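Here the structure is laid out as structure tokens; the discussion comes afterwards.
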Amino acid sequence: GRNWMDLATLAPGARTNESADTGPVAGTSRRDFQVNIDGQQVTSNLVPTTSQPRVSRDAIAEFQFVASRFDATQGRSAGVQVNAVTKSGTNTPSGTLSGYFRHDAFNARDFIQDEVLPYSNQQVSATFGGPLIRNRLHFFANYEYERSPRTDAFNTPYAAFNFDLMGTRRADLAGVRLDYQMAPETRWMVRSNLFNDDQPYDMAGGATNHPASTALNITRMKEVFSSLTQVLNNRAVNEARIGWHSLYYTNTNYTTWDNHPARGLGITTGSPRITFRGFAISGNANQPQRLGHDIYSLRDDFSYAFSKGGSHALRLGGEFLFYDHALLNCRNCMGIIDAQGGPVPANIESLF
């Protein structure tokens, strides 16, 4: 999946084996881990679990997985800590270009469908970095693109509901970083990242669900971060950081409904959730849904080394985080109908 966080499974103490972007600890709350990139906290404490932020693997220089007790400069995690550092440019212009491609031409026939299921996936990643002013100002930029056309088939007992939904999942990851050596003892860095993920058909396909259950999932992430590092003398260093991180997830049903019970709130998508015996029209109970947050952070770290009866290191600092959470969750606002008191209507195909 080209998710750099999957490499955390190599570290002792990692307990995950998932393909989703749920973080380095499986089956637990998002509050059981914290992810910092260049010292900026980017962990999402919101559901769903698939909305964790993403940074291209080719933009990560190194990362640290801390499963044991971490010091007081890190926190807000009941479990593990993951610290990552992004790449920066050097005096030598250099870059990478890579592509990964999969196609159903190499697949076997599906055991259930008795045919080769359509599958296609293309991933392209590029990076480039170098000097703008030699020995003073450097840049690094990256872009990653993933395109995955997919076909979701319905194989219900009712022919009118059996058709294919064809859509294309697309993900874009981009970033740019500038490093400026303002003076021999002063260094300034600024970085910006974005992550867009569009999944056209969620909960699509199957034998027991009506096509009205399908939905569109959209994830949007933006980041801006800057740090200023100053070597005050041969014993003292100060680093100031400021950043903004925004992550939003939207889940919307494709079905339109002019007589929606929540139309007074401007909601006109979705349909009644109707449960029959062995069949359902079961769109997500939380649709439409929009979850997200903006995190504003300000931090300063001061380090001082001295010798008195041995070698000692003193660290002082402070951090301010402002979370602005946004939540739209239309919980069961489309109504629920339990129709399991008898058999499925013989004319269900003409009713729906």
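Each residue takes its place number in the sequence, starting with 1. Predicted model only: the values in this text are computed from it and were never measured.
- Side chains of S246 and D294: a donor on one and an acceptor on the other come within 3.5 Å.
- Across R169, R54, R147, a single residue satisfies salt bridge (charged side-chain N to carboxylate O under 4.0 Å, His left out) together with D197, and that is R169.
- Residues S282 and N209 bring a donor and an acceptor atom of their side chains to less than 3.5 Å of each other.
- The ring of Y201 has its center closer than 6.0 angstrom to the ring center of Y254.
- With no hydrogens or angles considered, a side-chain donor-acceptor pair links S226 and W188 at under 3.5 Å.
- Residue pairs meeting the ring pair (Phe, Tyr, Trp, His ring centres under 6.0 Å) criterion with at least one member in residues 315-343, sequence neighbours excluded, are H293-H325, Y323-H325.
- The only member of Q289, Q287, R290 that meets side chain to side chain donor-acceptor pair (under 3.5 Å) when paired with N329 is Q289.
- Looking at N253 and T255, their side chains do bring a donor and an acceptor atom within 3.5 Å of each other.
- No side-chain donor-acceptor contact under 3.5 Å links N155 and N162.
- Remark: the Q123 side chain and the S125 side chain contain no N/O donor-acceptor pair separated by less than 3.5 Å.
- No side-chain donor from either of D58 and N142 sits under 3.5 Å from a side-chain acceptor of the other.
- Across D38, D300, T229, D301, a single residue satisfies side chain to side chain donor-acceptor pair (under 3.5 Å) together with R241, and that is D301.
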